[in-house]
Engineer: 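Structure incoming, see below.
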Amino acid sequence: APPQTRPETSDAVQVLNRVFGYDSFRGNQQEIIELVCAGGDALVLMPTGGGKSLCYQIPALVRDGVGVVISPLIALMQDQVDALRALGVRAGFLNSTQDPQARHEVESAFLAGELDLLYLAPERLRVPSTLRLLDRGTIALFAIDEAHCVAQWGHDFRPDYLALSELHERWPAVPRIALTATATEATHAEIATRLDLTGARHFVASFDRPNIQYRIAPKNEPRRQLLELIRTEHPGDAGIVYCLSRRSVEQTAEFLAAQGFTALPYHAGLDARTRATNQARFLREDGLIVVATIAFGMGIDKPDVRFVAHLDLPKSVEGYYQETGRAGRDGLPSTAWLAYGLADVVQQRKMIDDSDGDLAHRRRLSAHLDAMLALCETVQCRRVQLLAYFGQRGEPCGNCDTCLTPPESWDGTIAAQKVLSTVFRLDRERHQRFGAGQIIDILLGKHTAKVSQFDHDRLTVFGVGTELREGEWRGVIRQLLAQGLLAVEGTYQTLALTEASGDVLRSKRQVMLRRDPERPVKARSARSA
Ligand code: ADP
Ligand code: ZN
């Protein structure tokens, strides 16, 4: 007989083909899997939808014993286990939602060597009986999913995650793989130290999602803008609309429903059954829109979400990236659209001021917001800026709003001085503080009732700003807030100067501003009535 000419396929590739039915590995999956199969430790950074699960599922099948997966997503464990069982993988989970009978069955299967994968909630590992159980079986590997939980300040699971550093002491020979979708280089380093993974190899996948078109539009009438986006670009498509408050979730869902769309609300204030039903319908039905607070989406694997729309500003670039990342997991063109305006900046600055916690905590919140604002106000490619935030480099993409319709930047120093000196005069000469609306009325020289009431038409700055329209002044003030050249204070969200304002007023600092496009969404005219 002729010698075998077929190239040898590794165990890992065979499992990929036979169990999961996929032809080939993606990105650096193969390298990661081979390292862990050989007993090495790995720290894996891969964006949502990148294919992290196979990185521990396949080694768990290739190696002797049970792969122990630590995951905080308790609500998803049943689904994950069901999906694996459907593929013939012997999987089980242990968490607090289980009845004793079910727990007992999983434990027996584990001890009998009848499990390939065991999902554990992180707090289970602090229970001595769980540790004793694991001691009596063979462990193929530890996978630590959502590993950023160890680094995130104030995170619910943090204490449980910190305790995971002890895994290595107790089971020194068992390889560990930590996985996350969210990590800047700082978080990176923190995961490695906190989990005692300093010897692990790091695998950093590209965070670029080339099929997602990023767009950030000035917010005028957000619901009407959203409607236009859906009607002209995504009729009949599945999508997620994120809002900050439960109330606006409800209202937006009702609005879309009234326009004839199937739109379901999702937020933490709804009872568990409604939430579960709405989530299940979104996964199963075509062309459904979920309007949600950020409570929605963690771990959701729906490949054909065609658009993610934000009607309010996300609190951080991490959040924005994760939420928009739920679009286009199938690799097909998808839209990430965000409407952003002056009120967002005012509101979020105020929320930070009002938040509990120490100064350091508020500083961190502020830094997160500033990075998000910088992304909104950039005149560069959105993708380049987004990747840079995650410590990665990119080329202008040609598939974001700033690439497609490059915004002009203009020297806004004089406009800035007009705003700042109005705020200054009101404050210093009259000990008054006002919100953006009144400042703009003064600049435009409008004789409103409130202007007369406060004699603001006698100010020297009254009517000095007629070269810009009201919307443009709002854009100027929004950007001054974003750049830290103006601050928002107090219950009435009035404007105040900052330390940095002085340099602008004294012409020591130039202020470059972005000119908001007239019509940012190049909408084809809608056919509907
Ligand atoms: P993550 O956990 O990184 O968000 P998943 O592990 O859930 O991503 O994978 C996302 C999707 O991609 C899943 O539907 C998964 O089955 C699929 N997938 C992963 N790896 C491959 C591959 N090598 N070939 C084809 N599909 C893959
Ligand atoms: Zn671009």
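In each ligand, atom 1 is the first atom listed, and ligand 1 is the first ligand listed. Fair warning: this is a prediction, and the values are worked out from it, not measured in the lab. Just so it is clear, the values below take in all heavy atoms, side chains as well, and ignore hydrogens, waters and symmetry mates.
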Engineer: When you measure from atom 6 (O) of ligand 1 to every protein heavy atom, which one gives the shortest distance, and what is it?
Structural biologist: S53 OG, 2.7 Å

Engineer: Return yes if some donor-acceptor pair links the side-chain N/O of T130 with the main-chain N/O of R124 below 3.5 Å, else return no.
Structural biologist: yes

Engineer: Using 2.8 Å as the cut-off, note every protein N, O or S atom close to the Zn ion (ligand 2).
Structural biologist: C381 SG, C397 SG, C400 SG, C403 SG

Engineer: Considering heavy atoms of the protein only, find what lies nearest to atom 12 (O) of ligand 1 and give residue, atom and distance to 0.1 Å.
Structural biologist: R26 NH1, 3.2 Å

Engineer: In Å, rounded to the nearest 0.5 Å, how long is the span from CG of L195 to CG of L162?
Structural biologist: 8.0 Å

Engineer: Give a yes or no on whether a salt bridge exists between K52 and D145, defined as a side-chain N under 4.0 angstrom from a carboxylate O.
Structural biologist: no

Engineer: Does any part of the side chain of L313, heavy atoms only, come nearer than 4.5 Å to the side chain of L373, both counted from C-beta?
Structural biologist: yes

Engineer: Out of all atoms in ligand 1, which are within 4.0 Å of some heavy atom of R329? Include the element for each.
Structural biologist: 4 (O)

Engineer: Side chain, backbone, both or neither: which part of S24 comes within less than 4.0 Å of ligand 1 when only heavy atoms are counted?
Structural biologist: backbone

Engineer: Evaluate G51 for polar contact with ligand 1, using N/O atom pairs at a separation under 3.5 Å.
Structural biologist: yes

Engineer: Specify whether W171 and F142 have parallel, tilted or perpendicular ring planes, treating 30° as the upper limit for parallel and 60° as the lower limit for perpendicular.
Structural biologist: tilted

Engineer: Under 4.0 Å from ligand 1, counting heavy atoms only, is it the side chain of P303, its backbone, both or neither?
Structural biologist: neither

Engineer: What residue and atom, counting heavy atoms only, is the protein's closest point to atom 4 (O) of ligand 1, and at what distance?
Structural biologist: G49 N, 2.6 Å

Engineer: Out of all atoms in ligand 1, which are within 4.0 Å of some heavy atom of F25? Include the element for each.
Structural biologist: 23 (N)

Engineer: What protein heavy atom is closest to atom 13 (C) of ligand 1, reported as residue, atom name and distance in Å?
Structural biologist: D301 OD2, 3.6 Å

Engineer: For ligand 1, which atoms, with element, lie under 4.0 Å from some heavy atom of P47?
Structural biologist: 3 (O)

Engineer: Counting only heavy atoms from other residues, nucleotides and ligands, does the tally under 6.0 Å from CD of Q380 exceed 12?
Structural biologist: no

Engineer: Where on Q29 is there a heavy atom closer than 4.0 Å to ligand 1, on the side chain, on the backbone, on both, or on neither?
Structural biologist: side chain

Engineer: How about D286: does its CG atom have over 12 heavy atoms from other parts shown lying under 6.0 Å from it?
Structural biologist: no

Engineer: Under 4.0 Å from a heavy atom of L54: which atoms of ligand 1 are those, numbered in the order shown and with their elements?
Structural biologist: 19 (C), 20 (N), 21 (C)

Engineer: With the threshold set at 4.0 Å, does a side-chain nitrogen-carboxylate oxygen contact exist between R158 and D160?
Structural biologist: no

Engineer: Can you tell me which portion of Y22 lies within the under-4.0 Å heavy-atom range of ligand 1? Options are side chain, backbone, both, or neither.
Structural biologist: side chain

Engineer: Return yes when atom CZ of R18 has more than 12 non-hydrogen atoms of other residues, nucleotides or ligands closer than 6.0 Å, and no otherwise.
Structural biologist: no

Engineer: Can D312 and K219 be said to form a salt bridge (charged side-chain N to carboxylate O under 4.0 Å, His left out), step by step?
Structural biologist: CA-CA 9 Å; D312 295 302; K219 192 194 279 193; 3.3 Å; yes

Engineer: Supply the atom-to-atom distance R85 CZ to L117 CG, rounded to the nearest 0.5 angstrom.
Structural biologist: 11.0 Å

Engineer: Between D330 and R306 (salt bridge meaning N to carboxylate O under 4.0 Å), is one present in this structure?
Structural biologist: yes

Engineer: Among all protein heavy atoms, pick out the one at the shortest distance from atom 3 (O) of ligand 1; state its residue, atom name and that distance to 0.1 Å.
Structural biologist: K52 NZ, 2.7 Å

Engineer: Is any side-chain heavy atom of P72 less than 4.5 Å from a side-chain heavy atom of Y161?
Structural biologist: yes

